[in-house]
Number of protein chains: 2
Amino acid sequence: MKAAGVPAERGPRERMVFSAAQLIRRDGVAATGMREVAAHAGAPRGSLQHYFPGGKEQLVNEAVGWAGRYAAGRVARFLAALAEPTPSGLFAEMVRQWTDEYRTAGFAGGCPVAAATVDCAESTPATREAAAAAFAAWTEPVGRALTEMGVPEERSGALATLMISSLEGAILIARAERDVRALTAVTRELGPLLDAAVRNEA
Amino acid sequence: MKAAGVPAERGPRERMVFSAAQLIRRDGVAATGMREVAAHAGAPRGSLQHYFPGGKEQLVNEAVGWAGRYAAGRVARFLAALAEPTPSGLFAEMVRQWTDEYRTAGFAGGCPVAAATVDCAESTPATREAAAAAFAAWTEPVGRALTEMGVPEERSGALATLMISSLEGAILIARAERDVRALTAVTRELGPLLDAAVRNEA
DNA sequence: CACCGACTATGACAGCGGTCATAGTAGCCG
DNA sequence: CGGCTACTATGACCGCTGTCATAGTCGGTG
């Protein structure tokens, strides 16, 4: 008789971090209550202060960290799945994860790292750093993959940042419009331009 | 003996909308209180319910709308200032507004429209629509300018969305990192690719 | 002067948030 | 059995928020 859609395995602690990330990406950090997280995870309220003595800040930071590792893991899986890896192919997969979600599950959720940045960048330094670390953890494998695909090393990092920036922005717009238009536009326009960076080696 | 940095001219009502936008872009919607807005605007608390009988939701929606019109106005001014308008030149100006702010005033503020989207997209339909309208008001003049610069009409809209997506995402990353690196990376990498779209008319 | 609308000024209220304190349970070790 | 640790379970507290209600001020108008 669990409360909500979180897999029961993997100890209550991990479930709470997962639930926190899920609620944060839907409602933002400030609007997500501790009691709500516990309920969503089907965990007892008392466990909150047991597992997260640092309070909400600690829970949020761990949720953001989890999101960063999750994103990095997805990049690795996309690369493994691509037969002939190209920059545009990787980018298309990254975007497709979001269009798929929005089409099948609705526009309820955004990126938890973006939410943490918006809500905490100025008010909670530790969370801001967690968000920066999450972006870094996400950007790094993308940049490395670009280098391996033949993109000049000095441009790989910047192009990876461009890819993630575009994706984040398109997620925002898509959620505001409740339409995947922005996501498809970004894939279509940026994809080819990314592949062009492979050849141009001066 | 005003409370904070808001110009005294332009009636208290407009000042409150302006202050709301300013506070929202710093702390997010949920963390911005009505009393705080009034104090920041140097306006009496009682004026809130007088000018905004719709409560916080109305105030937030107007702040978002104001931000959208402001962004659109900036685009128009950038275009007027550019001697030889090019897509990369426009984009560079749009980004430079943010790098300038971050360098001179610190990383306290993000984009209020992004903040409203993150905090209200799922919880407050009217605000979500206001955010969508703001993005549209911002994208439209950019797209129109691209067309006038020689970008094929069927690509202008998508490229404008790409520009704004990249900018929004880079703002997020820059704020998380407290470093304009993401903004400069995005300008340098996307700029040339935008100009390439002018010639290709196949 | 009375009157009236626009605006200002406070005080109260109900709700909810995170956090603390305290007590209870379960299981293992010796 | 006692004792200890890990975890659960509640209840209370305080601060804050948005909103409402009520009263006050000010500036014109007739």
Side-chain angles (χ1 to χ4, degrees), chain A residues 1-3 6 8-21 23-24 26-64 115-116 119-120 122-127 130, chain B residues 1-3 6 8-17 19-24 26-64 115-116 119-120 122-127 130:
Chain A
M1 215 53 72
K2 296 265 167 12
V6 176
E9 58 267 25
R10 294 183 191 183
R13 208 200 121 106
E14 199 169 348
R15 285 210 317 271
M16 281 192 278
V17 173
F18 182 86
S19 288
L23 294 174
I24 286 169
R26 194 184 63 189
D27 301 320
V29 172
T32 296
M34 299 286 273
R35 292 165 171 83
E36 194 186 356
V37 171
H40 184 274
R45 216 188 73 192
S47 301
L48 280 171
Q49 74 178 280
H50 182 73
Y51 290 114
F52 307 96
K56 185 176 186 176
E57 185 176 328
Q58 182 187 355
L59 177 58
V60 170
N61 292 353
E62 296 202 21
V64 170
D119 278 356
C120 308
E122 190 60 15
S123 59
T124 318
T127 304
Chain B
M1 215 52 72
K2 297 267 167 9
V6 176
E9 58 267 22
R10 292 182 194 187
R13 209 201 119 104
E14 198 169 350
R15 285 208 318 272
M16 283 191 277
V17 173
S19 288
Q22 210 162 330
L23 294 173
I24 286 170
R26 194 184 64 189
D27 301 318
V29 172
T32 296
M34 298 285 273
R35 291 165 172 82
E36 195 185 355
V37 171
H40 184 274
R45 215 188 78 198
S47 301
L48 279 171
Q49 73 180 278
H50 182 72
Y51 291 115
F52 307 96
K56 185 176 186 176
E57 184 175 330
Q58 182 187 354
L59 177 58
V60 170
N61 292 354
E62 295 202 21
V64 170
D119 278 355
C120 308
E122 190 60 15
S123 60
T124 318
T127 304

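Chain A is the first sequence line, chain B the second, and so forth, proteins listed ahead of strands; every chain is numbered from 1.
- Taking atom CD of B:Gln58 as the reference point, atom C1' of D:dT19 lies 14 Å away to the nearest angstrom.
- Between B:Tyr51 atom OH and D:dG18 atom P there is a gap of 20 Å when expressed in whole angstrom units.
- Look at CD1 on B:Ile24: it is 14 Å from P on D:dT17, rounded to the nearest Å.
- Closest of all the heavy-atom pairs between A:Ser123 and A:Pro125 is O-CD, 3.7 Å.
- Between A:Leu48 atom CG and D:dT8 atom C1' there is a gap of 11 Å when expressed in whole angstrom units.
- One can place CD of A:Gln49 at 12 Å from P of C:dT22, the figure rounded to the nearest angstrom.
- As a whole-Å value, the separation of B:Met16 CE from D:dG18 P is 14 Å.
- Between B:Ala43 and A:Gly54, it is B:Ala43 whose nearest contact on DNA chain C lies nearer the 5' terminus.
- Residue-to-nucleotide contacts include no donor-acceptor pair under 3.5 Å from the side chain of B:Arg45 to the base of D:dG18.
- A sub-4.0 Å separation between OP1 or OP2 of D:dC7 and a side-chain N or O of A:Ser47 is absent.
- Heavy-atom minimum distance, A:Cys120 versus A:Val29: SG-CG1, 3.8 Å.
- A side chain to side chain donor-acceptor pair (under 3.5 Å) with A:Ser19 is found for one member of A:His40, A:Glu36, A:Glu14 and no other, namely A:His40.
- The minimum heavy-atom distance linking A:Ala115 with A:Gly28 is given by the pair CB-CA, 4.3 Å.
- Nearer the 5' end of DNA chain D, as judged by each residue's closest nucleotide, is the contact made by A:Arg35, out of B:Gly55 and A:Arg35.
- A straight line from CD of B:Glu36 to P of D:dG18 spans 9 Å, rounded to a whole angstrom.
- Between the NE2 atom of B:His50 and the C1' atom of D:dT25 there is a distance of 13 Å, given to the nearest Å.
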